[in-house]
Each structure stands twice: as C-alpha cells, then as structure tokens.
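Naming convention: chains lettered A, B, ... in sequence-line order (proteins, then strands); numbering from 1 in each chain. Values below: all heavy atoms of this structure, side chains included; hydrogens, waters and symmetry mates excluded.
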Amino acid sequence: MEIQSSAPVGNASAIKSFEFTGNAREYFSIWIVNICLTILTLGIYSAWAKVRTNQYFYGNTQLDGASFRYLANPIQILKGRIIAFTIFVVYYLSGMIAPMAAGITMLIIMLFVPAMLVMSMAFRMRNSAYRNVKFNFEKNYKKAYFLFSLPLLIFGIYFVVLIQFAPQQAVGDEQQAQFPFVIAIMPLIIMFLFPWWEYLMVKFQVVHARFGISEFLFSAKTREYYMMYLKPFVIMILAAIAFAVVFGGMAAYFGAQPKDTKPDLSSIGLIIFPIYIGMMLLYLWFFAYITTKRTNLVYNNITIAGHKLKSQLKVGYMMYLYVTNTLAIVSSLGLLMPWAKIRTARYRASMTSLEPDGDLNNFTAVQASKQSALGEEVGEMFDMDLGL
Amino acid sequence: MIKGIYFDGETSSKKEVSLFYDHQGRIGIQGAHLKPVALNMLTISPRIGNTPRYIEFPQGGQFETEDNDAIDAMLGELTAVKSGGFIYRIESAHRIILLMVVFVAMFAWGFVQYGVPYFSRELAMMLPADASRYLGQGVLETMDEHWFEPSQIDADRQSKLQDKFAELINNLEYTNDTQLVFRHGKQTGANAFALPDGTIVITDELVELASSDQEVASVMLHEVGHLYYRHSVQSAIQQFGLAMFIMVVTGDVSTSSSVITALPAVLIKAGYSQNMEWEADGFALDYMKRQNIETEYFASMMEKLEASHSTVFKTCMNDNGVIADCLDKALKNKQHDENTIGLGGYLSSHPLSSERIARFRSN
C-alpha cells in the first residue's frame with residue numbers, strides 16, 4: 001500500500017523513544033477535582049474521573065509524534081461500577097447475616113474471576129487507540145479458565161488437606177506430626193510454581209492482544225521468570241537469617257541480665273528502630289526490583305509486525321523513586337501523590353522505546369463493528385492499574 | 001488554520017495537515033481528501049489538561065492537534081460554547097482548586113474522625129445479634145489453647161461473682177447471649193475480655209487484685225458495655241470502611257500505597273479503639289450512677305490494674321511478694337511505665353488511665 005509519509009526515509013529505522021509530556025501541576029488540578037467531585041456526587045463522578053485520568057496519561061504519552069488515546073465512555077464505566085458495587089454489598093451483608101450464604105456467594109464470584117479478567121482486558125484494549133487505530137483483545141475464555149484452574153486446583157488441595165488434618169480434640173501423635181509438615185510444604189509448592197504461572201498469565205495477555213489486525217509476539221522463556229525471582233529470593237533468605245541472629249542475640253543478652261533491672265527502653269529502641277527501617281528498605285527494594293525486572297522482561301520480549309519494544313528501567317533509580325515518592329506522599333498527607341505519579345510515568349516512558357522495522361504507517365485497523373460486548377463494563381471494575 | 005495530524009482510521013499512516021473553518025461553520029482539512037463538514041457532524045474530544053485534542057470525522061478519520069487554545073478559539077467563534085468545556089475550566093481556576101484542596105482535606109478528616117465511626121455504629125446496631133457470634137466463633141478455644149489455664153479461684157468466690165453478674169444482667173435487661181467465665185491469665189496478668197460471641201473472660205489475677213466484689217463488678221460492667229455497643233462488629237466495619245475510603249481516594253492499588261497508608265491506619269485504628277474503651281467506661285459509669293453505686297470502685301480498680309502491669313509490681317511479686325504490699329509499692333512509685341516508645345497515648349489501644357480514673361472520681 002502506498003502511503004504518504006512525511007517522515008524522511010533516513011529516520012524510518014531509528015530507535016524511537018516513548019515520551020511523557022505531562023506535568024505535576026496540571027495533573028494535580030485534575031486529580032483534586034476528581035476527588036472533590038467524586039465525593040460530592042457520592043461516587044458517580046468516579047467514572048468520569050477515571051476517563052480523564054487515563055486520557056491524561058495516555059494523551060501525554062507520545063511515540064513517533066503521535067499520542068495514545070483512551071476512548072472509554074464514562075456512562076459505560078458507571079454502569080459497570082454500579083453492578084459490581086451492588087454485588088459486593090450483597091456479599092458483605094450476607095456475610096454478616098448468614099455465613100453460609102456468604103461462602104456460597106464467594107464461590108460463585110470466584111467462578112467468574114477468569115471471565116472478569118478477560119473482559120477487563122478487552123475493555124481496556126478496545127478503548128485504547130494509537131493513530132486512530134484501536135487496540136483489541138481476542139477473548140479466549142477457555143484458555144483463561146484453564147490458566148486459573150491450575151492455582152484453584154492447588155488451593156483446593158490445600159484446603160482439603162487443611163480440613164483433613166485439622167486438629168481435633170483427641171488426636172494421635174502421628175497426625176499431629178504430619179499436620180505441620182503438610183501445611184509447611186504447600187506454601188513452598190505455591191512459591192515454586194508461581195513464576196511459571198506468572199509467565200503463562202503474561203503470555204496469555206500479550207498473545208491475545210491486537211493492534212488493529214496485527215498480533216503481538218511474546219518471546220520470553222519460563223526460565224527467565226525463575227531467574228528474575230532467584231536473586232530476591234536468596235536475599236530474603238539471607239535477610240531472614242540475619243534478623244534471626246540479631247533477635248536471638250538480643251533475647252540472649254536481655255535474658256542474661258539480672259532479674260530486677262529495668263528494661264533499657266532506649267537501648268532497645270536504638271536497636272529496633274534501625275532494624276525496622278532496614279526491613280522497610282528491604283521491602284521497598286524487593287518491590288522495586290521485581291517491578292523493574294518484570295517490566296523489562298515483558299516489554300523486551302514483545303514484538304509486533306517486526307517492530308521490537310525495549311525497556312531499560314534501572315532497579316537503582318526505581319528504588320530511589322519509590323523511596324522519595326513514599327516520603328513525599330506521607331509527609332504531604334497524600335497531596336504530593338500526583339507529583340509522584342507524574343515523575344514515575346516520565347521515567348518509565350523515557351526508558352521505553354521502539355526499535356522499528358520500517359515506518360509505523362502500515363498497521364491496518366479492524367473494520368468498525370458496533371459489537372459492544374455485553375458485560376465488559378463489569379470487568380472494568382477489575383481494571384486496576386497494575387503498574388506495567 | 002490549525003496545524004495537526006490526520007489519521008484516516010483505516011491504517012496507522014499519518015499525514016501532517018491543517019484544519020480550517022469557514023463562516024458557515026464548516027470544518028475542512030487541507031491536505032486530506034475530505035469535503036468540509038458541518039460542526040455538528042463532528043465529535044470533538046473534551047479538553048483534558050494540555051493533552052492532544054481529537055476531532056472525529058463522520059467517515060472514521062481523526063484529526064489530532066496539540067493546539068488546544070486554537071481549537072477553543074474556533075469553538076468560541078462558531079458556537080456559543082465557552083472554551084474547553086466546563087470541567088476543564090474548573091481545573092484551570094486556581095482559586096477553585098485551592099478551595100477544593102481545603103474541602104477534600106476537611107472531608108477526609110471528618111470522614112475518618114466522625115463518618116466512619118458513626119456509620120459503623122449504626123450498622124452494627126442494625127445487624128442481628130448473630131453477626132457478632134459469627135465473628136466470635138472459636139476465639140475462647142484459641143485463647144484457652146494458647147494463653148489461659150483453668151481458673152484457680154475457689155468455687156465459693158466464683159459462685160458469688162456469678163450471682164453478681166446475673167444481678168447486673170438482670171438490672172440492665174440485657175437479653176443477648178452472654179456468659180461469664182474465669183481463667184488463670186498467666187502472661188496476660190490481670191485482665192478482662194469481652195469476646196464477640198458474648199463471653200466475658202475475667203482472669204484470676206484481676207480478681208485477686210480487687211478488695212471487694214463491687215470492684216470486680218465494675219469491670220464486668222465495662223465488658224458488658226463492649227457487648228452492648230457491639231464493639232467487635234463496629235471494629236470490623238470500621239476497618240473495612242477505612243480501607244475502602246483509602247482505596248477510593250488514592251485510586252490506584254499498587255503496593256506503594258499500602259506501605260504509605262500503614263502508619264496513619266495504625267494511628268486511626270488506635271483512635272477508634274480508644275473511643276470504644278471510653279464508651280464502655282461510660283456505660284459502666286451510667287449504671288453505677290443509676291444504681292447509686294460508688295463510682296470510686298471503678299476508679300480504684302483501674303488504678304490497681306494499671307499498677308499491676310508496672311515493673312515495680314512484677315519485680316515485687318517475683319520476689320514472692322504479697323499482692324497488697326506490692327500494689328502499695330507500685331502505687332507509690334507510679335512511674336508512667338508505658339511500653340510504647342515514648343508516643344504515649346497515641347499508639348495505645350486504651351485512653352490514658354489517668355483520664356479514665358479522673359472521670360470516675362470527679363462524679
């Protein structure tokens with residue numbers, strides 16, 4: 001197809017970086033108006049708030065001179081939220097009145113979770129566009145249920161085992177001994193299988209997404225997910241050992257003191273306080289590390305029509321962002337949250353780029369069919385900002 | 001002429017074009033094969049900050065421009081509508097923004113301080129009595145397993161105290177399920193608990209501290225107060241309400257927000273708990289005044305309870321001390337040996353004892 005392109009041919013294959021052009025002051029206004037009007041309208045405005053927020057971030061994300069667009073209709077979102085909220089209230093109240101009903105309601109809701117996730121992906125994708133070509137999501141419910149049946153099966157076994165070995169009044173020593181072992185092993189199994197499951201989930205989402213009629217390819221390997229979790233896992237074990245040693249030492253030290261000395265609160269505080277800070281930093285590091293590696297791993301393995309995505313987030317800088325953001329938000333009682341969000345978005349965009357294979361003019365859109373999928377709006381409630 | 005980019009909607013190809021309009025209100029694009037269209041056939045996106053503006057043409061094409069001001073000017077000329085859209089104007093008005101910040105701050109404070117407790121109280125009282133029992137299943141068993149041992153108070157004394165309890169319940173006309181049990185408290189020392197299923201636990205150590213049945217009865221009243229106001233259910237609702245509120249306000253569910261909200265959530269939770277303790281005290285105070293019972297009983301019981309948790313008392317008891325003597329020593333010593341690191345009342349789940357005691361003495 002011969003398309004007029006005003007970009008000089010020489011630039012067609014140069015790496016194009018994403019750019020975020022939003023600023024904190026502008027977003028702060030949008031954010032505070034969102035909160036205020038949501039409160040005043042008892043939550044109804046929240047649908048419009050979401051659309052404005054998303055469009056602010058989408059519209060300020062530029063690639064190759066064009067922006068992204070969030071097209072959702074606030075009325076649709078509002079409908080979905082009202083339905084979801086009603087279900088939730090019914091569940092919570094039934095829990096207070098008749099525990100059995102709550103349990104059953106919970107089971108029914110859980111049965112719908114995979115469907116909800118598919119619908120929420122579809123809703124978000126279909127309401128996103130770039131260069132007036134919409135994204136899409138091929139709704140594969142069977143696959144989604146299969147993916148979820150795996151963890152459900154494991155949790156099911158876990159609960160059955162738990163009930164089976166639940167301590168009874170007259171219990172033999174044998175059963176007592178088995179009980180803790182089986183209970184301890186299940187979380188380990190879950191931990192061991194999680195990276196694989198995450199790989200499957202991400203692959204499912206990428207492979208079923210579309211831009212126009214073009215498909216996305218996902219080239220990551222399962223072992224890359226395991227490698228990603230290995231380092232933090234080892235570090236956490238080391239940290240746990242370190243804490244055990246410190247606490248053990250403290251207990252021994254204080255236990256050896258003569259009985260009627262008053263516990264020296266200040267020296268305990270001197271030890272506990274830095275430990276607490278240390279734990280928080282370790283937690284923040286863990287979160288920063290996983291988020292960074294995960295984002296890079298996903299984006300670096302996505303290709304569409306020969307164009308390759310690239311992500312070069314650095315763990316160090318992400319951690320710096322998280323620490324400073326957290327401090328800022330806490331000390332401003334939340335008012336600096338927009339600022340934090342903006343600077344994070346700016347960094348992420350600047351570290352994401354596209355290695356094009358030719359120019360970006362050759363994507364074909366799907367023929368406009370007014371298939372407003374029923375129920376997708378309810379899935380929107382699940383559409384939470386996963387930070388990817 | 002407004003500069004921008006045109007996307008035809010069939011492919012992603014982009015074309016740098018200019019938008020123009022004539023006095024008849026028709027919009028056209030120079031550089032694309034389009035007949036000028038009337039304004040009312042177009043969909044113009046609302047202005048959101050300075051993000052690009054999109055104008056959608058009927059056959060699927062889209063014009064994208066960053067020149068919001070020019071679009072607003074055009075709209076201003078062609079229609080009676082003022083620039084940007086209603087919400088955008090609010091977002092750009094600095095004074096309104098300031099007002100909104102103040103409003104949201106005040107609302108947040110009011111909601112947490114008054115809204116959540118009020119709502120929880122009303123809801124807790126509205127729910128059937130069974131709701132509390134559901135929350136309380138198995139708590140006593142767990143406590144017996146991990147904390148308590150059977151009571152060592154002699155049967156006679158227990159029976160007298162049970163009679164006292166029955167008398168209270170009768171006078172209060174309290175009809176919900178309730179029972180009084182005694183336990184040897186071990187680590188928990190002198191203490192009393194009101195469990196969600198209506199069970200009130202009083203430890204031997206507390207009974208030993210008291211110098212009369214009336215003092216123990218004042219504690220019973222406080223615990224019944226917790227049951228009467230359904231504080232356990234209220235607590236559950238409050239936690240939920242608070243969590244929902246934080247989630248809705250901060251909007252996103254990423255982990256950073258949970259780290260952030262941990263500290264204020266702890267403070268708020270402590271605050272709610274202090275209110276409930278104060279309320280239970282009030283319940284006891286009311287009853288005692290109505291029945292003309294000396295409120296001093298509660299005050300002195302409080303004092304002894306506080307003293308029994310001090311290091312002076314514990315050290316004295318470890319040296320095989322007599323309760324009365326050790327209490328004396330502790331009460332004289334009266335250092336505020338609160339086990340929180342210097343933040344005094346804020347982190348504690350109970351209000352300051354001195355304030356609680358004063359309330360019963362000033363009447």
Side-chain angles (χ1 to χ4, degrees), chain A residues 1 3-6 22 26-30 32-33 35-36 38-39 43 46 48 52-53 55-56 58-60 65-67 69 92 96-97 99 130-133 212 259-260 262-263 265 269 280 283-284 287 322 325-326 329-330 333-335 337 360-365 368 384-387, chain B residues 5 7-16 45-46 48-52 54 56 60-62 64 66 87 90-92 94 96-97 99-101 103-105 107-108 123 127-128 130-131 134 233 240 248-257 259-260 263-264 311 315 318-319 337 339 341-342:
Chain A
M1 210 185 301
I3 308 289
Q4 283 277 41
S5 172
S6 49
E26 227 173 33
Y27 180 53
F28 180 83
S29 303
I30 296 178
I32 200 78
V33 171
I35 295 180
C36 192
T38 302
I39 293 174
S46 69
W48 281 261
R52 288 185 84 80
T53 303
Q55 176 50 24
Y56 187 76
Y58 273 51
N60 275 312
S67 69
R69 191 177 172 197
Y92 198 75
M96 290 275 180
I97 295 171
Y130 174 64
R131 299 175 139 184
N132 203 17
V133 172
K259 273 237 164 102
D260 54 344
K262 226 173 153 203
L265 284 174
M280 287 206 49
Y283 174 74
L284 277 170
F287 181 68
Y322 284 136
N325 283 347
T326 306
I329 294 176
V330 170
L333 299 177
L335 286 175
M337 205 200 69
L360 298 178
N361 294 320
N362 299 322
F363 289 99
T364 311
M384 312 210 253
D385 187 1
L386 297 167
Chain B
I5 311 177
F7 301 104
D8 63 5
E10 280 165 34
T11 70
S12 57
S13 64
K14 70 175 180 179
K15 216 169 183 190
E16 286 184 16
S45 69
I48 299 178
N50 242 337
T51 59
Y54 309 95
E56 290 169 49
Q62 176 182 291
E64 178 179 325
E66 298 198 10
I87 301 289
I90 294 179
E91 285 163 359
S92 321
H94 295 300
I96 298 187
I97 297 297
L99 261 162
M100 287 190 166
V101 172
F103 171 78
V104 169
F107 177 84
L123 191 60
L127 293 169
D130 294 47
Y134 169 62
V233 179
F240 173 71
V248 167
V249 163
T250 58
D252 77 84
V253 200
S254 56
T255 310
S256 52
S257 57
V259 172
I260 290 160
L263 183 60
T311 23
T315 324
N318 272 337
D319 291 338
D337 188 40
N339 290 325
I341 310 180

Straight-line distance of [X] [atom1] to [Y] [atom2], nearest 0.5 Å:
X	Y	atom1	atom2	answer
Met100(B)	Ser29(A)	CE	OG	10.0 Å
Ser13(B)	Asn362(A)	OG	CG	8.5 Å
Leu99(B)	Ile32(A)	CG	CD1	11.0 Å

Notebook entry, point to check: Can you name the residues that form a side-chain hydrogen bond (donor to acceptor under 3.5 Å, both in side chains) with Tyr130(A), not counting sequence neighbours?
Noted result: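 Tyr130(A) satisfies side-chain hydrogen bond (donor to acceptor under 3.5 Å, both in side chains) with no residue once adjacent residues are dropped.
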
Shortest non-hydrogen contact between [X] and [Y], atoms and distance:
X	Y	result
Gly49(B)	Tyr56(A)	CA-CE1, 4.3 Å
Pro52(B)	Gln55(A)	O-NE2, 4.5 Å
Ala365(A)	Gly9(B)	CB-O, 3.3 Å

Margin query: Just so I understand: if I count every heavy-atom pair under 4.5 Å between each of Val101(B), Thr51(B), Ile96(B) and chain A, which residue has the most?
Written below: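 The residue among Val101(B), Thr51(B), Ile96(B) with the greatest pair count is Thr51(B).
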
Check: Salt bridge or not for Glu64(B) and Arg69(A), using N-O below 4.0 Å?
Finding: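 The answer is no: the pair does not qualify as a salt bridge.
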
Notebook entry, point to check: What residue, out of Ala66(A), Cys36(A), Gly59(A), has the most heavy-atom pairs lying under 4.5 Å from chain B?
Noted result: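 Ranked by heavy-atom pairs under 4.5 Å with chain B, first place is Cys36(A).
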
Notebook entry, point to check: Hey, does Ile39(A) have a side-chain heavy atom less than 4.5 Å from the side chain of Phe103(B)?
Noted result: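 A side-chain contact exists here, since the closest heavy-atom pair is under 4.5 Å.
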
Checklist line | Within-4.5 Å side-chain heavy-atom neighbours: Ile97(B) and Val33(A) | finding: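 They are in side-chain contact.
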
Backbone N/O of [Y] and side chain of [X]: donor-acceptor pair under 3.5 Å:
X	Y	value
Glu26(A)	Asn50(B)	yes
Asn132(A)	Gly60(B)	yes
Ser12(B)	Arg131(A)	no

Notebook entry, point to check: Side chain, backbone, both or neither: which part of Ile30(A) has a heavy atom under 4.5 Å from chain B?
Noted result: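 Looking at Ile30(A), backbone and side chain both touch chain B.
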
Checklist line | Toward chain B, the part of Phe28(A) with a non-hydrogen atom under 4.5 Å | finding: side chain

Check: With sequence neighbours left out, what residues match Ile5(B) under side-chain contact (heavy atoms from CB on, under 4.5 Å)?
Finding: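 If we apply the side-chain contact (heavy atoms from CB on, under 4.5 Å) test to Ile5(B), skipping adjacent residues, the hits are Phe7(B), Lys14(B).
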
